[in-house]
Amino acid sequence: MELDEVVITRAIIERYMDKLLSHVETDVAVVGGGPSGLIAGYELAKAGKKVALFERKLSIGGGVWGGGMMFNEIVVQDAARPVLEELGIRHRRVQDHYLVCDAVETASTLTSRAVQAGLAVFNCVTVEDVLMREDRILGLVLNWAPVDMAGLHIDPLTMRSRYVIDATGHATEVCRVVQEKVPGGLRTPSGRIDGEKSMWSDRAESLTLENTREVFPGLVVAGMAANAAFGGPRMGPIFGGMLLSGVKAARWILDRLAEEPADTPS
Ligand code: 48F
């Protein structure tokens, strides 16, 4: 049988449109496809929630791929070993509390397990704003990343979600939008993004978990964005805090969703 280019084209367009249309309303929208966003998406999808992840770049995995300074290995502390084991990411022990994982295996396995659990990933999409009603975030304003990069004047589209996770890493981009549009509105000590501090791995890792919380009604910060929002230090290429933070964000949202009557499709 001769392959028909139009059948291929139709299959891709139809399948993508189905996926997109079924995620214009979700339980949770995750912004950023780094380790914290991916593991949050995995947990939520595994729990049967409708969850979409939007990532500006072509590749999913955020800062995992490059390990430390392009040496593509990452370190995970023992506390996050259960996450590695659940996902099937292999690791080697170094001293008592450190595990080393291949960065490529980590990024690809996280992505694969999350998508197979039911997370819908939309890459090449930039979140440029939020949908807001009476001081609660109700969703996201989206555009194609190449449109944004080319500076084209094209209006975005909008999706609705019961909760949003800002997992945009150092940039803290969703919080930044809220900070600009609702002055003093963030639930941080200053009411603003307190800004990431210099490297202190041990303190940063514990603070990442502590700082993973609702930062504005409907908006939860996870991963490096949590530390940047609350003024915690950076930690470098140790990733246990990122994984545990994503899990914490997802579980916190699952508890809230269980308390609230469902008005969007799960
Ligand atoms: O930076 P990133 O990997 O975030 P993370 O989950 O993990 C941080 C670590 O990689 C590392 C570290 C600790 O070990 O310090 O840096 O907190 O992934 C964030 C992703 O969000 C995307 C960005 O391209 C990256 O892949 N992103 C950022 N802003 C937007 C966005 C946006 N406005 N719309 C869509 N994607």
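The first residue of the sequence shown is numbered 1, and numbering continues consecutively from there. Order of appearance sets the numbers: ligands from 1, and atoms from 1 within every ligand. As the structure is a computational prediction, the values presented were derived from the model and not from experiment.
Applying the side chain to side chain donor-acceptor pair (under 3.5 Å) test to N143 and every residue at least two apart in sequence or in another chain returns nothing. E180 meets the side chain to side chain donor-acceptor pair (under 3.5 Å) test with no other residue; sequence neighbours excluded.
Members clustered with I12: I8, by chain and number, using a 4.5 Å side-chain heavy-atom cutoff among hydrophobic residues.
The closest side-chain heavy-atom distance from R92 to E73 is not below 4.5 Å.
Residues of the protein with a heavy atom under 4.0 Å from ligand 1 are V31, G32, G33, G34, P35, S36, F54, E55, R56, K57, G62, G63, V125, T126, V127, A167, T168, G169, H170, E173, G223, M224, M235, G236, I238, F239, M242, listed by chain and number.
The pair E214-R256 fails the salt-bridge criterion, with no side-chain N (NZ, NE, NH1 or NH2) lying under 4.0 Å from an Asp/Glu carboxylate O.
The local environment of NZ in K57 is sparse, with at most 12 non-hydrogen atoms from other residues, nucleotides or ligands closer than 6.0 Å.
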